[in-house]
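Everything on this sheet refers to the single structure shown next.
Numbering of ligands and ligand atoms starts at 1, following listing order. Scope of the values below: all heavy atoms of this structure, side chains included, with no hydrogens, waters or symmetry mates.
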Amino acid sequence: MEHIDEREIRATLSQFASGMVIVTGCLEGEPAGFAAQSFASLSLNPPLVILCPAKINKSWPKLRESGNFCVNILGADQQAVCDLFAQTGTDKFAELSWQPGETGSPVLADVLAYIDCELAEEHDAGDHSIAIGRVRDLGVFDQERDPLLFFRGAYGSFAER
Ligand SMILES: Cc1cc2nc3c(=O)[nH]c(=O)nc-3n(C[C@H](O)[C@H](O)[C@H](O)COP(=O)(O)O)c2cc1C
């Protein structure tokens, strides 16, 4: 297949369901962050995670400069937070409750869990990059609530079989 149409890529890749996270950081006292789907566990020993920031993303350069980022895993009832962080150019933290984690990156209140990382490596990859985070601190806030999932272009939740 020589040329692959962008719509076809989106339609095919959207068959893969994932959770949603808010990636946060803090540069010179200013919090920044964005919603992301491209988060995964990478290594247990040492503890590493990966994330793929888009090159058009405005927050990521600030997080990169700070040298740290925190991954906040959203619950099914947090679509409004997801929508807020999927926007650009707005004050995303104005109405939110959060506290600085070990690396100084914001840990959002009411998320299912957080993974606070130091940026270990970043690799160029098309219109995104691949960022590898070394876990400095992590924690689970809620074992009961369902996760926010993204599948075929829509949000939903998890049903155990
Ligand atoms: C379902 C969904 C998944 C997304 N996944 C990513 C992602 O993996 N990486 C990324 O950089 N942006 C992702 N985005 C887009 C960013 O959230 C969006 O571009 C946001 O406006 C970036 O904010 P900023 O420019 O203020 O940093 C996703 C958005 C949605 C709705």
Any protein heavy atom lying closer than 4.0 Å to atom 24 (P) of ligand 1?
yes
Numbered atoms and elements of ligand 1 in range of Met20, under 4.0 angstrom, heavy atoms:
1 (C), 2 (C), 3 (C)
Tell me whether Gln37 has any N or O atom under 3.5 angstrom from an N or O of ligand 1.
yes
Any donor and acceptor pair, going by atom type alone, linking the side chain of Ser38 with main-chain N or O of Leu51 inside 3.5 Å?
no
Any donor-acceptor pair under 3.5 Å linking the side chain of Gln87 with the backbone of Lys92?
no
With a cut-off of 4.0 Å, which atoms of ligand 1 are near a heavy atom of Ser59?
24 (P), 26 (O), 27 (O)
Looking at Lys92, which atoms of ligand 1 are within less than 4.0 Å of one of its heavy atoms?
23 (O), 24 (P), 26 (O)
Count the heavy atoms belonging to other residues, nucleotides or ligands that lie under 6.0 Å from CD of Gln15, then report whether that count exceeds 12.
yes
Does Lys62 come within less than 4.0 Å of Glu30, counting only side-chain N to carboxylate O?
no
Distance filter under 4.0 Å to Gln87 heavy atoms, resulting ligand 1 atoms:
20 (C), 21 (O), 23 (O), 26 (O)
Would you mind checking which non-hydrogen protein atom is closest to atom 22 (C) of ligand 1, with the distance to 0.1 Å?
Phe34 CB, 3.7 Å
So, regarding Ala54 and ligand 1 (criterion: nitrogen or oxygen to nitrogen or oxygen, under 3.5 Å), is there a contact or not?
yes
Identify whether the distance between the nearest side-chain nitrogen and carboxylate oxygen of Asp124 and Lys55 falls below 4.0 Å.
yes
Find all atoms of ligand 1 within a distance of less than 4.0 Å from any non-hydrogen atom belonging to Ser38, and give their numbers and elements.
7 (C), 8 (O), 9 (N)
So the atoms of ligand 1 within less than 4.0 Å of a heavy atom of Phe85 turn out to be 17 (O), 20 (C)
Nearest heavy-atom contact between Cys70 and Val107 is SG-CG2, 4.0 Å
When rounded to the nearest 0.5 Å, the distance separating CH2 of Trp60 from CZ of Phe69 is 5.0 Å
Check whether any N or O atom of Ala35, backbone or side chain, sits under 3.5 Å from an N or O atom of ligand 1, and answer yes or no.
yes
Would you say the side-chain atoms of Asp142 pair up with the backbone N or O of Leu112, donor to acceptor, closer than 3.5 Å?
no
Rounded to the nearest 0.5 Å, how far apart are CD of Glu28 and SG of Cys26?
9.5 Å
Atoms of ligand 1 less than 4.0 Å from Phe150 heavy atoms?
1 (C)
Tell me: protein heavy atom nearest atom 21 (O) of ligand 1, and distance?
Ala86 O, 2.9 Å
Trp60 versus ligand 1: do any nitrogen or oxygen atoms come within less than 3.5 Å of each other?
no
Does any N/O atom on Ala36 come nearer than 3.5 Å to any N/O atom on ligand 1?
no
If the threshold is 4.0 Å, N to carboxylate O, is there a salt bridge linking Arg134 and Glu118?
no
Quick check against the 3.5 Å criterion: does Thr12 have a side-chain atom that pairs as donor or acceptor with the backbone of Glu8?
yes
Pro53 neighbourhood, listing ligand 1 atoms whose heavy-atom distance to it stays under 4.0 Å:
11 (O)
Consider every N or O of Cys52 and every N or O of ligand 1, then say whether any pair is closer than 3.5 Å.
yes
May I ask whether Tyr155 places a heavy atom under 4.0 Å from ligand 1?
yes
